[in-house]
Each structure stands twice: as C-alpha cells, then as structure tokens.
Amino acid sequence: MKEYRTITSIAGPLVFVEKTEPVGYMELVNVILADGTVKRGQVLDTSEKLVALQVFETTAGIDTHCRIRFTGEVIKMPVSKEILGRILSGSGEPLDGGPEIVPEKRLDVTGAAINPYARDNPSEFIQTGVSTIDGMNTLVRGQKLPIFSGSGLPHNDLALQIARQAKVLGAEEAFAVIFVAMGITAEEAQHFMNDFERTGALERAVVFLNLADDPAIERLITPRLALTTAEYLAYEHDMHVLVILTDMTNYCEALRQIGAAREEVPGRRGYPGYMYTDLASVYERAGRIRGKMGSITQIPILTMPGDDITHPIPDLTGYITEGQFVISRELHRRGIYPPVNVLPSLSRLMNSGIGVGKTREDHKAVSDQLYAAYAEGKDLRGLVAIVGKESLSDRDKTFLEFADAFEDKFVRQGYEEDRSIEYTLQLSWDLLATLPEAQLTRIDRKLIEKYHPAHVAKKVAEPVPAASS
Amino acid sequence: MEVGQKGRIYRVAGPVVTVTGIEAKMYDLVKVGDEGLMGEVIEIDRDKFIIQVYEDTSGLKPGEPVENTGLPLSVELGPGLLSSIYDGIQRPLPVLNKRLGDFIERGVAAAGLDHSKKWDFVPEAKPGDEVRGGQSIGYVQETANLKHKIMVPPNKTGMIKTIEQGEYTVDDVIATLDDGTELKLMQEWPVRVSRPVSEKLMPDTPLVTGQRILDALFPVAKGGTAAIPGPFGSGKTVAQQQLAKWSDTQIVVYIGCGERGNEMADVLTEFPELEDPQTNAPLMDRTVLVANTSNMPVAAREASVYTGMTVAEYFRDMGYDVSLMADSTSRWAEAMREISSRLEEMPGEEGYPAYLAAKLAEFYERSGRVKTLGGDEGSITVIGAVSPPGGDFSEPVTQNTLRIVKVFWALDSKLSQRRHFPSINWLDSYSLYTQNLAEWFVDHVAGDWEGLRMRAMAILQKESELQEIVQLVGSDALPDDEQLTLEVARMIREYFLQQNAYHEVDTYCPLQKQHDILAAIMVYDDLARNALNMGKLVDDIINIPAKAELAQIKFEEEYGSRLEEIETAMRTELA
C-alpha cells in the first residue's frame, strides 16, 4: 500500500495531500493519526501531484504529520446472509457487540444504475392496513414513496405502522426491513429499536445507525451501505426488502456542508447543484428487476424545514420518488392519527397496483371521488368561515359534512389498527353515500349500481315489494 | 490503432476529466482510461483538454491512457431505429442488458443499430439518375406501416452508377455514385449539428392528440413547440405519455431525460400492448425511446436530448411527421449546470450557466414544419416538460422556455389534488396557434368549432370572476343567470375538460366527439337560459336528470344515439 506524510492543507472535512503515484477517483483512504487512530476518507479530486480527500469523521486531531494510506479500492460493503438481525454503525461496523460480519461478498457501495430495460413494472399491491394509504395512495412493491413531515409530527409512528403491517395479500414470502438512521437522536432511534424488538421484527432487520452526534459526512455513505445490503438481499437472496431512511433532511444538510467546504458554486438555498443527481442515486435504487424474485421498496422520511413543501429537499425528492405521503400539522393538532393530508399526497404507481384481480374494480373511481369530494368540502370550510354555514346551498352542506366525516372516520385510525382493503373500500362507500348520488360524477354508473349502499340495500330488499318511496 | 493519438489523464473530478497529450477539436469523442470510457471534449486550455465523461469515473486514475477518435459524438441512422430503446448516447439498453446483466456497468461500447440483421431494400432510383443530398433512392419496409426511406446523405450529390434490390445489412453497399461514393442503409450524423432542410414552412395543421383540453382549447400545430411546466405530482409525465400514445404523427421520439426508472419500465410494458389509433399497429412500432434515468451518468443525460432530436430529424427528412417529447428539459438544464460548475465557469441565474437560454433556444429551433432536401414536407413537433423547483414558474428554465415556445400548458397542483386530470389550468395556459388552425378545424371537423371554443373560454373566464364574488358572499347571493353560468362552467370542467387517461374509452377522444360533447353542453346552456326567462326556478333547471346523463357520454364509445336522446330529454325537461 502506498503511504504518504505529505498533507499540505486541511479545511473543514477536506484534506489535501501531495503524492507521486496515481490515485483513483473515489478511492478509499485511511488517515492514521499519531496515536494510531485510523480515520477513513474518500478521494474527491485527483490530479498528477495533488489529491483532495473528504474525511468521513471529524478532522479533529489530524495534522500535517499524519500518515495517509491509499487503499487502492473504492468503498465496499461486506455482506452475507448473517447480516440479518445486526445493528451496525453508519459506516458499517457492528455496534451490537456481536462478531465481525464474515463477508460472503464485498460489494461496491456506489452501485451501478439499474438498466431501465431490465426493470420490471412494480404492480404488486402492498396492504399497509392504513386507509389513507391503501385506499387513496396505494403502495406497491418496488416503489419509493417518502413521508414528507415536519418536526414534532408522528412520522416515525406511521413508518413503524407501515413496517409492521405491510403485507402482500395471499403471499408468504421472505421479507426484511432495513432501517437507516441518519443524524436522528438516540432517543428516536431507540423508539424504532423498541418497536422492532417488541414485534420480533429485529431478527428480520438490519439497522444502520448514524446518530445526531456521529460525523455528518458519514451520513453520505450510510444510505449507500444500506442499499448495497438491500440489493444483495433482494437480488441474490430473493427477499422483499423494505428500506426506511430517516431523516433525509440530515443527509442533504451533510451534502451542503461538503459542498460548502469544497467551495462549490451553490444552487438553490446553498444546496449543491448536483443534489438532484445525488438524491437520485439513492432513491433510484428501489425497484424490481425482471426475472428476480426479490424487490426493494423505499420509505424515506424527511422533515420539511418550516413545513415548506417547496424547500429544495422535499422538492427534489418529490421529483424523483413515485409520490409522497404528506403529514399535516393541522390534522395532528386536532388529534387525528395518522395525520396524513391526502390532498397533496400521491402514489404514482397506484394505478398499476389496484383494480380487478389486485384489489377491486371500483378502487380507482372511489379514490378519485373521495379526493374530489374532500377537496370540495375543504374549500367550503374556508367559505363558511366568511359567510357562515347558513348561506350554503343544501348540496354544499352535504359536502361540508362529508369532509368532517371523512377526517373522523376514514383518516383517523388506531396505531395498532390494521384495516383490510375491503374494509377501507366499504368505509369509502358508506361515506360517499352521504352525498347525493348525482354528485358522484367520477364513478361509472355500473359501479354505483353494484357497490353504492343504497343500491346494495335495494337489491337485498328487491324480492319484497317496496314499502315506501 | 493509428487513428487514435494517445494521451494521459491529468486530473479527475467527478464526470469532468482533464487530459494532456492529445490534439483534439472541440466536441471530439475520446476514450478515457484503461476501460475506454466514452467522453467528449468540452473545453481546451492550452495543452489541457477538458472532457465530460458519459460514465461513472470512480477509480479512474491520473496517468491512465486517453485515446482521441477525432470524430464528434454521432448517432447511427438507418433501419432498426424504430421500437428501439437507447441510453443518452444511443447504446441500445437491451443489448447492454444482455451483455452486462441488470445493472449498467461501464466501459462498454454498443452500436446503435443491429449490424447483423438483413433488411430487404427496394430501390426506387435507377442507374443514371442524378441524385442530391436528402433525396430518397429506395426504401426498406421497416414495419407494416412505415417505409423507411433510404436517403442520400445531406452532403453528397452525384449520378447513380449502381443500385440493386436485395437483402442487406446496414453496412453493405446498396448503391454507388459515379464519383465512387458508396451508399449504405445507414448513415451517421453528429448529434449537436442540426440536419439541413431546404426551407422552413409555417405550421398549419393541428397535432391531434385526442386530449380534449389540448385539441379544443390549446392546440399545438404540427411542427410547433409546446411546454408543459408543473410542480411534481401535477401530472406532467402522464400528460407526456398520453401525447406519446395518441398524437397523430407517424413517428414518436420519447426522451426520458433524468427521470424515474420505473416510469420507463411502465412505458416499456405498456407501449407494446397499446394500439396506434391511426394504424392499429402496436404503438411501439412507431416509437423510439431514449432513456437516461436520473441515476445514470449526468453527461449522457446532457447528450440525450440531442440524440433524440437527431433521430427525429432523420425521420422528418423522409417526409414524416414526428413528435418529440422531452421529459424533462429541467433535468437537462441541471446536467448542464452540474458540468458547468465542475468546469468552474462563472454562473448565471441560480447557478445555471449563462448560455442556458441559448442552448434551450437552439434545441427548440430544431423543431418546425419544413420542406426537406428531398422535396417532401415533414415536421417535428417538440413538447418539452419543465419541472420548476417548488412549482415556481419564475425560475430560469421555465422563463427561458416560455420565451421560445408557442404553446403553454400550465399544470396546476391544485387541480391534481382534487384529481382533476389532465390538471392543465385553463386560465393560465395559452396557444398562439388557435388562429392559424381555426380554418383546419372548420374544414375538417365542424363549422362552429372556433365559435364553441371561444364561447367555452368565455364561460370559464366568467366563472373565475364570479368565483371571487362567491368566495365573499356565497353562491346563493348571485343572480339566477350567474348561478347558471357557474353551473355551465362546472359542466365544461367536469364533463368536458376532465379526461381519464386510465379509462379505455375516455383515454382518447376523437375530434368529432370533442365537438359533440361541447356542443351538447352549449345546447343545455341555451335551453337553460330560455327556461329561466320563461320563469323556471334555477334549482330545477340545474337538477334535471338528463343533464347528469351527459356526464357519462365521455365514457361511451358509441355515443351518438345516446347523445341525441339526452338532448331530446333536455328539451322536454326544460320546456
């Protein structure tokens, strides 16, 4: 191995080294301090004489006399099936006191892009047991669907509920959860671990912990280690892997920190111009591959700074992921759990995961009708605040009441409540039945006749001549 | 190899690599490193050549060899393009999949066309004919419906010496000219140079898309340009895919530029199963896909729009109508920004390079209805999606695009949130082609087309004014005739503008049906106003059963007789 003692300057997380032999771009580097401590870093810029390194941990303690060892290889993740049930640090070292992982393989963490031609279209419905998700923003296997939240909102509970309840109907298959903590507090991480332990999910899980007091730069590597592990489990061991990444906002902050240290031209709000590409290299590792049994589904969680959905972090994420669940502070304040605001929420892959043979033929139409009716009801609330309820027409009043009932019955459910899709759809029809039938313009008449409670009741009652009109 | 001079890598920083020891021209294609990664010269600084590399550069070291091909980045044009799916630099993804497996590893060259497949060439010129650049000398029946014309390359001219029918690969000589020039089924063309035409013409025919709001309210002409800007989740991609599916052009080039991998998978599963409404052949038969997803190398993303455009121009030169969808031009602009920032160029607005506007204009200007060198008429319609950060239309990419394009379809997340699709805002959108195209619609669809369009727009405009009042005082406080206007506007929005892309009938609405639905709504409008004057109550007018039936017409394939019944019923109920 090539070793140098030629550090010329240190600035933030960046270390500049003079050298004589060629060093590869993105190569892994060890920085050895006087007391023998080893810090790891990565090559960001390499030219004939000078190399710029980014050190993952803090540069505290590094001086110009430190030894620099170039390893000659890019960062790799040791993987084996034994990794299930383990708790690892943000750079992949065991934290649970267990033995080192005996690698079956060592995989490059950058991960090549999946050939779009090799991708399989995600279309398997995942029942999460949460009505707002299953009914209106359906999750499918191989999707990446983030939770857009804000500080102090119960996004972690929702993520846990999804992780606990998610299943593909009629299938008993190998699954695993990979939990990736980036810059969250020890307490939050503990909340996840306790829930995993309580439900026995830990033995099917791999946990990567980069906590708030761990080096920020390490956060840039953590999701890549985790997704490399996910790819190994999904594509080599046929497992269905659910990856929960929290909190992507901390990841982006780390990205900005490095960009600033490198004196790059900043893009919007100081975040680097390549943040879209960088985030894509994380999110796009979700998916399915034709001919492979396994899949990777991602649920990244991010807290929107100032609840602002146009902030670059949620904005760029939304352009890459296949939809989003938006958590609403307003609903949370009113005590509704899970406080999912369905209006800005979206699942782009919903249409390929629902319908005949998957959920039910009326799913799409019912969902559209719920959206339209709830949006109208919410608009009317604004109007009522100005002109009072009395000046609404009768039609408008039914929509106003619908919106209240929708939030109370459909959105609100228990933390442990696991609703079947049939239950969710039945609930939807019961709510829609409170509206005049002529207002259900999004639903095909045939479906109304088949599923609308009034028609269903009529059908049952038909043999007996109708008593009243 | 003799051609390639050998140089060495001097510096590596992301996709930007500096090399020394070669003599290259700007935009020459070079092979970088031991693995021969493809790259392009984008800056020359004395003896240093700065190269953007189309593949991942991890592990690349200073000192590794560099070879200059001396040629600019080009695409292969010839039979076999149709139903292909390429990455940003025309490497066929199925070939990469076969050779490399499910992930795209680097350092692999793959030809754009299949060089072993034989095509049946039918000559239409004979020895002794004088031919010039762009002229067709014969054809290959590439698909059931498309004659792939074999043209003399634009810069060649002369007299045909030999030409023969037969089965040829794209490399075989099919004809020779008297000066010894050999003509093949395939030609190459540098992607950054637009293919020459003889004359640009004014667009005068609409691109029929089967999407009611687009055809009826904001039509784009064949050879025109349109932009679809919108925040995420507002239905840009669905709109682009609907256009790719239903546009009445012979060729569709779809560029997935920096977008989602699963979306391309969706296109790839769906297109082969769908039928072209004009020919009933699979849609894939007329489609060329360029897919450079967001996680594929950024430099290849920058090149992908040029690759797609060059393919489009090649088909236009045969005299075909081509539509080109670019989803999304913002990702292309970001790729330019990323490379510009690695070059440490002085940034313009929001970090974008100062030449952003020029590059966008150059790209859209390659569209148009033209007289080709061969004397035919062909067109390229460009429809570019724009993804403005935070949905803010004042950002540089949207603004610079709006300065160029003639049609603007403004997507609105408020509409998509209430599942009004396509969520195109009818007040913000515009088309500068309506006047030019009015005549066509009158000749080909109905005499009152333009009148209906203006009337519908006026009602929608009036609605937005009335809504402001309603927000203050409630709808009951409006006079009866204005309540009726609100109702008719609602009918236009719900019965006409809303269109379900996933409903097998509603996904494509023929022009005649578009006209008939809108006309029926206006019949109701007339009858309702008449009834109001006769003293009927506005609530009764609004709640007539026949009107609700009208909502279902768009879902019915054979709607003619049903529509007549509804109109008769409306007349009785409002009499």
Side-chain angles (χ1 to χ4, degrees), chain A residues 22-27 44-48 74 110 112-122 142 264-268 273-274 276-277 280-281 284 287 289 310 312 315 318-320 322-324 343-344 346 349 351-352 364 368 371-372 375-376 383 386-387 391-393 438 441 444-445, chain B residues 10-13 18 56-64 85 93-94 96-97 100 102-105 232-233 260-262 264-266 268-269 291 293-296 298 331 334 337-338 341 347 350-351 387 389-392 413 417-419 471-477 494 502 548 551-552 555:
Chain A
V23 170
Y25 176 67
M26 295 300 269
E27 199 173 302
L44 286 185
D45 191 330
T46 170
S47 56
E48 280 194 339
V74 294
T110 318
I114 302 178
N115 186 330
Y117 184 76
R119 277 185 189 267
D120 203 353
N121 204 14
E264 291 167 344
V265 178
R268 277 210 311 152
Y274 51 78
Y276 177 81
T277 308
S281 72
E284 277 290 336
I289 291 181
T310 67
D315 190 53
Y319 275 121
I320 305 164
E322 284 123 3
Q324 66 278 337
L343 294 184
L346 170 74
L349 302 183
N351 290 317
S352 53
K364 161 91 177 134
D368 283 352
Y371 265 109
E376 181 148 11
L383 186 57
I386 300 171
V387 299
S391 45
L392 291 188
S393 66
T441 53
D444 212 307
R445 200 197 329 274
Chain B
Y10 174 78
R11 178 183 173 192
V12 186
T18 312
D56 179 35
T57 52
S58 294
L60 211 57
K61 294 188 179 98
E64 286 189 33
I85 164 163
L93 290 173
L96 293 185
N97 189 17
L100 299 172
D102 299 329
F103 294 87
I104 301 183
E105 306 292 340
F232 64 84
R260 303 175 182 88
N262 279 337
M264 291 321 293
D266 186 38
L268 286 173
T269 34
T293 58
S294 54
N295 56 340
M296 285 158 76
V298 69
R331 305 296 161 229
E334 279 167 12
R337 172 167 75 181
E338 194 170 330
S341 108
E350 290 200 15
S387 320
D392 169 16
S413 52
Q417 288 183 8
R418 58 193 57 207
R419 297 304 185 257
Q471 287 301 319
L472 292 174
V473 296
S475 62
D476 280 5
E494 291 186 4
Y502 298 96
Q552 299 282 340
F555 299 121

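To find a chain, count down the sequence lines: A is the first, B the second, and so on, and within it residues start at 1. Predicted model, so just to flag it, every value in this text is computed and none were measured.
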Counting only non-hydrogen atoms closer than 4.5 Å, does [X] touch chain B with its backbone (N, CA, C, O), its side chain (CB onward), both, or neither?
X: A:Asp120; answer: backbone
X: A:Tyr274; answer: both
X: A:Ile386; answer: side chain
X: A:Val23; answer: backbone
X: A:Glu27; answer: side chain

Using heavy-atom distances under 4.5 Å, tell me whether [X] contacts chain A through its side chain, its backbone, both, or neither.
X: B:Leu268; value: side chain
X: B:Arg337; value: side chain
X: B:Ile104; value: both
X: B:Thr293; value: side chain
X: B:Thr269; value: side chain
X: B:Val298; value: side chain
X: B:Tyr502; value: side chain
X: B:Pro94; value: both

Mark yes or no: B:Arg331 above the aromatic ring of A:Tyr319, with NZ or CZ under 6.0 Å from the six-membered ring centre and no more than 45 degrees from the axis.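 Flagged: B:Arg331 positioned over aromatic ring of A:Tyr319.
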
Under 4.5 Å, counting heavy-atom pairs only, tell me which of A:Ser281, A:Ala438, A:Gly287, A:Pro344 racks up the most with chain B.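 The answer is A:Pro344.
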
When A:Asp444, A:Asp368, A:Thr277, A:Leu346 are compared by non-hydrogen pairs under 4.5 Å with chain B, the top option: A:Thr277

Over all atoms of both residues, closest heavy-atom pair of [X] and [Y]:
X: B:Arg260; Y: A:Glu284; result: CA-OE2, 3.1 Å
X: B:Arg419; Y: A:Leu343; result: NH1-O, 4.3 Å
X: B:Ser294; Y: A:Ile320; result: OG-CG2, 4.3 Å
X: A:Ala118; Y: B:Asp102; result: CB-OD1, 3.8 Å
X: B:Pro62; Y: A:Pro22; result: O-CB, 2.9 Å
X: A:Arg119; Y: B:Ala265; result: CB-CB, 3.8 Å

Nearest 0.5 Å, what's the [atom1]-[atom2] distance between [X] and [Y]?
X: A:Asp45; Y: B:Arg11; atom1: CG; atom2: CZ; result: 4.0 Å
X: A:Glu322; Y: B:Asp266; atom1: CD; atom2: CG; result: 10.0 Å
X: B:Asp56; Y: A:Thr110; atom1: CG; atom2: OG1; result: 6.0 Å
X: A:Thr46; Y: B:Leu60; atom1: OG1; atom2: CG; result: 9.0 Å

Quick one: does any side-chain atom of [X] pair with a main-chain N or O of [Y] as donor and acceptor, under 3.5 Å?
X: B:Gln417; Y: A:Ala375; value: no
X: B:Asn262; Y: A:Gly142; value: yes
X: A:Asn115; Y: B:Leu93; value: yes

Contact winner vs chain A - [options], heavy-atom pairs under 4.5 Å:
options: B:Ala477, B:Pro389, B:Ala13; value: B:Pro389
options: B:Gly351, B:Gly391, B:Gly261, B:Ala548; value: B:Gly261
options: B:Met296, B:Gln552, B:Glu350; value: B:Gln552

Report yes if some heavy atom in the side chain of B:Gln471 is under 4.5 Å from a heavy atom in the side chain of A:Val387; otherwise report no.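 No. Closest side-chain heavy atoms not under 4.5 Å.
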
Does a side-chain heavy-atom distance below 4.5 Å link A:Ile289 with B:Phe103? yes

